[in-house]
A.B. asks: 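Below you will find the structure I want to go over with you.
Atoms considered below: every heavy atom in the structure, side chains included; atoms not considered: hydrogens, waters and symmetry mates. Quick note on labels: first sequence line is chain A, next is B, and so on, each numbered from 1.
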2 protein chains.
Amino acid sequence: MQQKVRVPGMIGEDLLFLTDDQLRRGIEAMFFAYRAFTADPDLILAELDYGRAHHRALHFINRDPGLTVTSLLAVLGVTKQSLNRVLRTLIEDGLVESRIGRRDRRERQLYLTEEGTRLERRLSEAQRARMRAAYRNAGPQAVAGFRQVLEAMMDPETRAQYQAMTDPPEDRKEPANEQPRYTYSDRR
Amino acid sequence: MQQKVRVPGMIGEDLLFLTDDQLRRGIEAMFFAYRAFTADPDLILAELDYGRAHHRALHFINRDPGLTVTSLLAVLGVTKQSLNRVLRTLIEDGLVESRIGRRDRRERQLYLTEEGTRLERRLSEAQRARMRAAYRNAGPQAVAGFRQVLEAMMDPETRAQYQAMTDPPEDRKEPANEQPRYTYSDRR
DNA sequence: TTGGAAAGTCAACAAGGCTGTCCTATCAAG
DNA sequence: CTTGATAGGACAGCCTTGTTGACTTTCCAA
């Protein structure tokens, strides 16, 4: 079990980064970082009696307005019943609007209301602030590596979905406003 | 709100990686990757009627045998009651042993039993396998960046704790077996 | 016209967070 | 030796968010 091999001169490249110990460090880093990653939005959500599930719904509806319940279900990877509970409160509270599908009237297309947009922005700005600080601190090269490892960690289907999400500017139904749009937001 | 600035020639360094859009990509990468990260152990745990909380306890007890309940509490960042529920089942099931503290008899020092060690190994090997594949795929430079960003994302206290955990070989109570120990485990 | 997909609903259950309260054992200081 | 503080454990009860299973309504498409 746990066959450990003492390596004398190293093979070709430096393989020390594949050590069980290095892997454990990475695992723990994921655990601690993810906790921090969700901490800021969680504070805001707690005030409003919402949970992480609400944040996730708001995030993906904001990113892709008009997406159907089924698509959202697929992205989030939860059951219809679980999502429905969350979605219902968001709709009741006037943060999300559910319109009957234009192509297929069985489908429901989801949109954020004004108020929903406001909350989403508040939540995601809190989350971005931490991310931005971490990015800035680590630098562009580190960020590239960060993304590369995370992508390599995903299940293949998820990764495909993730990469398709906005990798190509991709026209879904709206012709999509073109223009490269090199935007850079800052504050503080 | 959301002040966007069209950047013509870029400032000094390339700041495109701090774009709100790039930050959003990073946020989504965290979400999807974390889901994958927990997926493999979750499958094993489900078989045995355990949950993620049990895995976390086993992990940290394994990493630091003899740690006290209070230390474990601090690392996990949950309440005593929440941990206790999990710990109790692990002790009842004979995976964890709780010995009276040697220095302070009020404390309980936690150890994995044979069986606990076996399960921990099974869980962590599943998790490491995915991590190893991702690491190998991304390469050592990317891994360095990955860790750098995750560390920058942590709360300062957590980061200090994380870095202290095994950064210096550090003798806690055992004199700690020295020797650099360049080990490299593989299979497949 | 009919089969099946999309959506929604109800009920029930479980994991794992949380708070609050209370108790015991033990240490350390006065 | 007493007394206050600390470590741990237990019980009750609450919440969110995940799950299954069963059932209905709506509506598209063959």
Side-chain angles (χ1 to χ4, degrees), chain A residues 31 34-35 38-39 41-61 66-93 96-111, chain B residues 31 34-35 38-39 41-61 66-93 96-111:
Chain A
F31 170 63
Y34 196 81
R35 202 167 58 186
T38 55
D42 280 358
L43 281 180
I44 300 169
L45 289 160
E47 283 174 22
L48 305 172
D49 272 329
Y50 289 130
R52 241 175 249 182
H54 299 87
H55 182 191
R56 291 199 280 260
L58 290 175
H59 174 98
F60 286 106
I61 295 171
L67 90 172
T68 64
V69 173
T70 309
S71 326
L72 184 53
L73 235 36
V75 173
L76 294 175
V78 297
T79 58
K80 186 177 55 161
Q81 293 88 329
S82 197
L83 173 59
N84 216 271
R85 194 168 25 195
V86 165
L87 221 40
R88 193 168 7 165
T89 72
L90 290 174
I91 291 169
E92 279 170 6
D93 295 356
V96 168
E97 201 186 338
S98 161
R99 297 187 206 149
I100 291 177
R102 284 198 300 115
R103 291 185 311 255
D104 185 334
R105 307 194 59 239
R106 286 171 305 181
E107 295 179 341
R108 297 291 176 273
Q109 298 193 293
L110 302 170
Y111 299 88
Chain B
F31 170 62
Y34 195 80
R35 204 168 56 186
T38 55
D42 279 358
L43 281 180
I44 299 171
L45 290 159
E47 283 174 23
L48 305 173
D49 274 327
Y50 290 130
R52 242 174 249 181
H54 300 85
H55 182 191
R56 291 199 280 260
L58 291 175
H59 174 97
F60 286 107
I61 295 171
L67 91 171
T68 65
V69 172
T70 309
S71 326
L72 185 53
L73 235 37
V75 173
L76 294 175
V78 297
T79 58
K80 185 178 57 158
Q81 294 88 330
S82 200
L83 174 59
N84 216 272
R85 193 169 25 193
V86 165
L87 219 41
R88 193 170 3 166
T89 71
L90 289 175
I91 291 169
E92 279 170 7
D93 295 356
V96 168
E97 201 186 339
S98 163
R99 298 186 205 149
I100 290 176
R102 283 197 301 117
R103 291 185 311 257
D104 186 333
R105 307 194 60 238
R106 287 172 303 180
E107 295 179 342
R108 296 292 176 271
Q109 298 194 292
L110 302 170
Y111 298 88

A.B. asks: Test salt bridge (Lys or Arg N to Asp or Glu O under 4.0 Å) on Arg88(B) and Glu92(B) and set out the steps.
C.D. replies: CA-CA 6 Å; Arg88(B) 193 170 3 166; Glu92(B) 279 170 7; 5.1 Å; no
A.B. asks: Any side-chain N or O of His54(B) under 4.0 Å from OP1/OP2 of dA15(C)?
C.D. replies: no
A.B. asks: dG18(D) phosphate, OP1 or OP2: any side-chain N/O from Thr79(A) under 4.0 angstrom?
C.D. replies: no
A.B. asks: In whole Å, what is the span from the CZ atom of Arg56(B) to the C1' atom of dG17(C)?
C.D. replies: 10 Å
A.B. asks: Whole Å only: how far is the CG atom of Asp49(B) from the P atom of dC13(C)?
C.D. replies: 16 Å
A.B. asks: Run the salt bridge (charged side-chain N to carboxylate O under 4.0 Å, His left out) test against Arg52(B) and tell me which residues pass, sequence neighbours left out.
C.D. replies: Asp42(B)
A.B. asks: Tell me the interatomic distance from Gln109(A), atom CD, to dA6(C), atom P, rounded to whole angstroms.
C.D. replies: 14 Å
A.B. asks: Testing the basics here: between Arg105(A) and Ile100(A), what is the closest heavy-atom pair and its distance to 0.1 Å?
C.D. replies: O-CG2, 3.4 Å
A.B. asks: When the distance from NE2 of His55(B) to C1' of dG17(C) is rounded to whole Å, what number comes out?
C.D. replies: 19 Å
A.B. asks: Is the backbone N or O of Arg106(B) less than 3.5 Å from a side-chain atom of Arg108(B), with the two atoms forming a donor-acceptor pair by type?
C.D. replies: yes
A.B. asks: Quick one: list whatever passes ring pair (Phe, Tyr, Trp, His ring centres under 6.0 Å) with Tyr50(A), sequence neighbours left out.
C.D. replies: His54(A)
A.B. asks: Please list, one pair per line, the donor and acceptor atoms closer than 3.5 Å that link side chains of residues 71-83 of chain B to other protein atoms, with sequence neighbours excluded.
C.D. replies:
from	atom 1	to	atom 2	distance (Å)
Ser71(B)	OG	Thr68(B)	OG1	2.6
Thr79(B)	OG1	Ser82(B)	N	3.3

A.B. asks: Short of 4.0 Å, heavy atom to strand atom, which residues of residues 82-92 of chain A count as contacting DNA chain C?
C.D. replies: Asn84(A), Arg88(A)
A.B. asks: Using only side-chain N and O atoms of Arg52(B), determine if any of them is under 4.0 Å from OP1 or OP2 of dT17(D).
C.D. replies: no
A.B. asks: Measure the distance from CG on Leu72(B) to P on dA7(D) and round it to the nearest whole Å.
C.D. replies: 14 Å
A.B. asks: Rounded to whole angstrom units, what separation is found between the CG atom of Leu45(B) and the P atom of dA14(C)?
C.D. replies: 18 Å
A.B. asks: Got a sec, which residues hit ring pair (Phe, Tyr, Trp, His ring centres under 6.0 Å) with Tyr34(A), two or more places apart in sequence or on another chain?
C.D. replies: Phe37(A), Tyr34(B)
A.B. asks: Can you list the steps and then say if Glu97(A) with Arg99(A) is a salt bridge (Lys or Arg N to Asp or Glu O under 4.0 Å)?
C.D. replies: CA-CA 6 Å; Glu97(A) 201 186 338; Arg99(A) 297 187 206 149; 3.4 Å; yes
A.B. asks: Give me the atom names and distance for the closest heavy-atom approach of Gln109(A) to Arg102(A).
C.D. replies: OE1-N, 3.8 Å
A.B. asks: How does protein contact run along nucleotides 22-30 of chain D, one letter per nucleotide 5' to 3', with B for base contact, S for sugar-phosphate only, - for none, heavy atoms under 4.0 Å?
C.D. replies: B---BBS--
